[in-house]
Amino acid sequence: MMVKKNIKFYNNLEHLKSTRVLNILALILFLITGSLSAQNNTKQSFDRAMDLRFKKPDSSIILFQKSHEAYLKNNDTVNAIKSLMELSLVYGNRAQYANSYNVLWNALLLTDNTKLETTKSLVYNRLGSIYNYFKREDKALEYLKKALEIHKSLVKQNKIPASGLVPYYFSITTSYRELKKTELAKTYLDSSYLYFSKSKPAIAESFLEFEKANIMALQDKNEEALVIFKDIHPWFVENEPSYLVLFYKFWGDIYLNLMQLDKSETLYKKALNVSSEYESHIDFTPLIYEKLTELYLKQNDYKNAFVNLQKAKDLDAKFFDSRSPNNHFLLEIKDSYRLEKDRQEKLIQAQHLRQLEQEDEIKNLQRIILLVSVVFILIIGYFYIKNLRTKHKAEKQLIRRNKELEIKKAKELLELKNKELAASALQLIEKDEFMKNLKTKIREGEPTIKKSELNKILRSVSVDNTNYWEEFKLRFIEVNKDFYDIIFAKYPKLSQGDQKICALIKLNMSSKEMSRLLGISVESVHTSRHRIRKKMNLDRNINLEDYINSL
């Protein structure tokens, strides 16, 4: 019963674990899905804002602001800056330069924390354009040239193609042309054409032609400028309809210079219609009304001239930060605000830098302590290992000495036993000689001794060399076991007689002693030695005794 309860308990526990795991997985899936959904919603807001830029600019402004905030929450700095850039364009098209200016500075502050050099140059370029609208030549050119220098650096690093410089040369061209500095404008336009690439254009060639025509108009080359305007007009109609506000305005200026007032009036009214339709380049409408005022004055139509002049003034008042000289101070105030903000930012950065320097000093101190510790450990380790090696070397020397002593003792013992064997062999030889002499004397002795009794005595003292040799061989093998193993291994064809000769050579016996011990003649010993040399394949210059003793 207890077992069943335990099983049920563990089953419930496993069920709870499984349920908990599933809940965690579901939560993770929900968070991931929610995150992806939020990202998709943010992108949809941005795309929707892009669609509404010209149709419903107020709605696009709200959507761009929302997408910017959402991108910041998601730590997507790149797209957050992109939203601000598009928002600044919408403000700029509506002549709300104060808002456009603030948005661009926020974008610039974001780029300071990134490596987005291209984006930073684009922000500088836009800021330069805004200062240009207010006839702030110094500031305008400062920011426009900053943008150009960043792009030149990127070209040198092969991060972008040289054609990427064209929009920045073009912006400076426009700035000098609006300031009526024709030669400088022409110089920068030539640079634009120099880097222009038809295969990968960074800006449409029609924009360059448009500026070329405007510069010609400033040089009183109105007829040539008209030819260019007519050629590029279809492209702008198809690709940049909102830009036709500027296009028709400058085209109308050329006809005004040529006193073709009807054509000029038609183009000015077209420009106003495009501005109204797309709610774009509204800042140009006061200039268009001023041009219409000039046109009607030339026609002596003072009524229409007055109406258009009034519209120009009203629009100038309506667009708080238009290019009226009375409103130049606004940017001055904002510049002071930005300078103070920059000062505070630099102060914070300086404090942060000091903090980083202190952290670096602490890290350097830690590194020094760590380095000293490592060196100290290495020194201790070195002496410890050196001591171990010395100890090990001493032990090896002791072992080697002991081994040498053992070998020496073994050799001495071997030599001693071999000497004993040699002495024993000599004793056998002497005994054999003695027995032979005894037999001779007995045979030559008393004649009265019966022959049968004499033979009995001789048999009793008969020398059994074979038994003596077997006893000698056993003692020799016992003493010189390694020698016999080597002989058997290297020369298996040696006979027992050969082995006997080798053993006796090992004992340093002479041929005469061998002959007496073995009971053979000296010549037989020499023959056996010669046979052994052949079986061992020894050269004539090798001494047999030395060779056998080396085994």
Side-chain angles (χ1 to χ4, degrees), residues 403-445 454-455 457-551:
K403 195 171 182 180
E404 287 173 355
L405 285 172
E406 288 175 4
I407 292 169
K408 186 177 180 182
K409 285 180 181 179
K411 283 182 178 180
E412 288 175 353
L413 183 61
L414 182 62
E415 288 175 4
L416 180 62
K417 288 187 177 181
N418 282 333
K419 285 177 182 179
E420 289 176 355
L421 280 172
S424 176
L426 290 172
Q427 286 175 2
L428 286 172
I429 294 168
E430 289 175 359
K431 182 181 177 182
D432 189 35
E433 289 292 325
F434 172 75
M435 289 300 178
K436 285 179 181 179
N437 291 331
L438 181 61
K439 285 168 68 177
T440 302
K441 287 179 181 180
I442 289 171
R443 285 194 182 101
E444 294 174 353
L454 185 60
N455 288 333
I457 292 169
L458 290 173
R459 279 197 298 272
S460 66
V461 296
S462 178
V463 180
D464 191 349
N465 285 336
T466 303
N467 290 334
Y468 289 153
W469 175 255
E470 288 300 325
E471 183 184 349
F472 173 80
K473 180 181 177 183
L474 288 172
R475 290 180 66 188
F476 183 83
I477 291 172
E478 184 183 352
V479 175
N480 297 282
K481 187 176 184 304
D482 291 341
F483 173 76
Y484 257 89
D485 289 342
I486 293 169
I487 285 289
F488 284 136
K490 291 187 76 172
Y491 308 108
K493 292 182 180 181
L494 292 176
S495 65
Q496 284 191 354
D498 296 335
Q499 292 174 11
K500 289 178 183 179
I501 297 295
C502 289
L504 295 174
I505 290 172
K506 181 76 173 172
L507 294 173
N508 295 320
M509 286 192 174
S510 64
S511 297
K512 186 176 179 182
E513 289 171 340
M514 291 181 200
S515 67
R516 289 168 62 188
L517 180 62
L518 298 173
I520 60 175
S521 65
V522 175
E523 288 78 11
S524 297
V525 172
H526 289 162
T527 302
S528 297
R529 288 167 65 96
H530 181 69
R531 186 173 58 251
I532 291 168
R533 289 181 68 88
K534 285 184 71 177
K535 288 181 179 180
M536 289 183 175
N537 292 322
L538 296 178
D539 292 334
R540 292 174 64 87
N541 59 344
I542 297 175
N543 186 277
L544 182 62
E545 284 83 357
D546 292 340
Y547 179 72
I548 288 173
N549 283 319
S550 69
L551 296 176

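The figures that follow rest on heavy atoms only: side chains count, while hydrogens, waters and symmetry mates do not.
Taking all atoms of both residues into account, the shortest heavy-atom contact from Leu494 to Lys535 is CD2-CD, 3.8 Å.
One distance of note links CG of Asn508 with CD of Glu513; it measures 10.0 Å at 0.5 Å rounding. For the atom pair Tyr547 OH and Asp539 CG, the distance stands at 11.0 Å (nearest 0.5 Å). One finds the SG atom of Cys502 at 6.5 Å from the CG atom of Leu544 (value rounded to the nearest 0.5 Å). In this structure, the separation between CG on Leu504 and CD on Gln499 is 12.0 Å, given to the nearest 0.5 Å. The distance from atom CD1 of Ile532 to atom CG of Leu538, rounded to the nearest 0.5 Å, is 10.0 Å.
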CA sep, side-chain torsions, deciding dist, call: Val525, Lys512, side chain to side chain contact (heavy atoms under 4.5 Å, CB included): CA-CA 8 Å; Val525 172; Lys512 186 176 179 182; over 6 Å; no

From CA spacing to verdict: side chain to side chain contact (heavy atoms under 4.5 Å, CB included), Lys534, His530: CA-CA 6 Å; Lys534 285 184 71 177; His530 181 69; 3.8 Å; yes

Test log, rule side chain to side chain contact (heavy atoms under 4.5 Å, CB included), inputs Ile520 and Met514: CA-CA 8 Å; Ile520 60 175; Met514 291 181 200; over 6 Å; no

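Remark: the backbone N or O of Ser524 is not paired with any side-chain donor or acceptor of Arg529 at under 3.5 angstrom. Although no hydrogens or angles enter the test, the distance criterion places a donor-acceptor pair under 3.5 Å between the side chain of Asn543 and the main chain of Glu545.
With sequence neighbours excluded, the residues satisfying salt bridge (Lys or Arg N to Asp or Glu O under 4.0 Å) with Arg531 are Asp498.
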